[in-house]
Amino acid sequence: FYTTKELLTNPGNSIRRFIEGDRTKHFKPIGYLVATSILYVFIKHLFHFDELLELQNKDKVVSETYLSLLNWATEHQTYSNLFEIIFLATFITILYRKKEYNFFEYFVLFTYLTGFFMLIGILGLSFTYFTNNRLFFKFSEYFGFIYFSWGLGKFLSENKWTAYIK
């Protein structure tokens with residue numbers, strides 16, 4: 001719970017402290033991601049969210065390739081998260097190559113942020129299930145992206161808004 005509390009209140013600084021060696025109270029990054037991903041998948045299946053999505057997307061015109069990719073990503077949540085993390089860590093390492101952080105430190109950053117993103121998704125799934133309103137899930141996705149940007153900005157100690165846009 002310490003890791004989740006720190007990621008909620010001060011994501012960038014707590015992850016930076018973890019990377020700098022203060023690891024006594026933190027949950028390990030991969031373990032945190034796997035635990036939150038498993039919890040997310042469990043809640044999603046418990047609430048039959050896949051069926052709800054099928055009903056809501058029934059009338060929309062979507063390509064078969066997109067649907068098959070989306071199905072694979074949702075069935076293999078942890079793997080798709082790891083692919084996303086590797087891509088983001090590589091991209092940010094190239095984009096911020098003059099910063100003192102390397103690929104593995106960005107990997108740790110994005111692992112924690114993605115794990116917390118899963119918790120935000122769990123809240124969105126829960127509210128969507130209990131209210132039968134998909135708007136809550138969409139809001140949780142947008143809030144998750146804002147959180148992700150905020151966490152990255154705080155990690156890089158950037159206080160300017162241009163850093164978040166970059």
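All residue numbers in this chain count up from 1 along the given sequence.
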- Message: When you group the ILVMFWY residues by side-chain heavy-atom contacts below 4.5 Å and let the links chain together, are Phe136 and Ile43 in the same group?
- Response: no

- Query: Aromatic rings Phe155 and Tyr101: how do their planes relate, parallel, tilted or perpendicular, breaks at 30° and 60°?
  - Reply: tilted

List, one per line, each side-chain donor-acceptor pair under 3.5 Å for residues 109-123, sequence neighbours excluded.
residue : atom : partner : partner atom : Å
Thr111  : OG1  : Phe107  : O            : 2.6
Tyr112  : OH   : Phe27   : O            : 2.4
Thr114  : OG1  : Phe110  : O            : 2.7

- Phe103 atom CZ, neighbour heavy-atom count above 12 within 6.0 Å: yes

- Message: What's the separation between atom OH in Tyr106 and atom CD1 in Ile19, rounded to the nearest 0.5 Å?
- Response: 9.0 Å

- The salt bridge (Lys or Arg N to Asp or Glu O under 4.0 Å) partners of Glu6 (sequence neighbours excluded) come to Arg17

- Message: So, taking the atom named CZ in Phe18 and the one named NZ in Lys28, what distance separates them when rounded to the nearest 0.5 Å?
- Response: 5.5 Å

- Straight-line distance of Glu100 CD to Leu156 CG, nearest 0.5 Å: 8.5 Å

- Task: May I ask whether Phe127 and Phe143 are part of the same hydrophobic cluster, defined by side-chain heavy atoms of I, L, V, M, F, W, Y residues being less than 4.5 angstrom apart, directly or through others?
- Result: no

- Query: Is there a side-chain contact between Lys5 and Ser14, using heavy atoms and a 4.5 Å cut-off?
  - Reply: no

Side-chain donor-acceptor contacts of residues 82-93 below 3.5 Å, not counting sequence neighbours, with atom names and distances?
residue : atom : partner : partner atom : Å
Thr90   : OG1  : Ile86   : O            : 2.8
Thr93   : OG1  : Ala89   : O            : 2.5

- Task: Could you state whether Leu152 and Trp150 fall into the same hydrophobic cluster, counting links through intermediate Ile, Leu, Val, Met, Phe, Trp or Tyr residues with side-chain heavy atoms under 4.5 angstrom apart?
- Result: yes

- In the single-linkage hydrophobic clustering (I, L, V, M, F, W, Y; side-chain heavy atoms under 4.5 Å), do Leu8 and Ile15 co-cluster? yes

- Query: Got a sec: does the OH of Tyr2 have more than 12 other heavy atoms crowding it under 6.0 Å?
  - Reply: yes

- Lys154 side, atom NZ; Ser149 side, atom OG - distance, nearest 0.5 Å: 13.0 Å

- CZ (Phe139) with more than 12 external heavy atoms under 6.0 Å: no

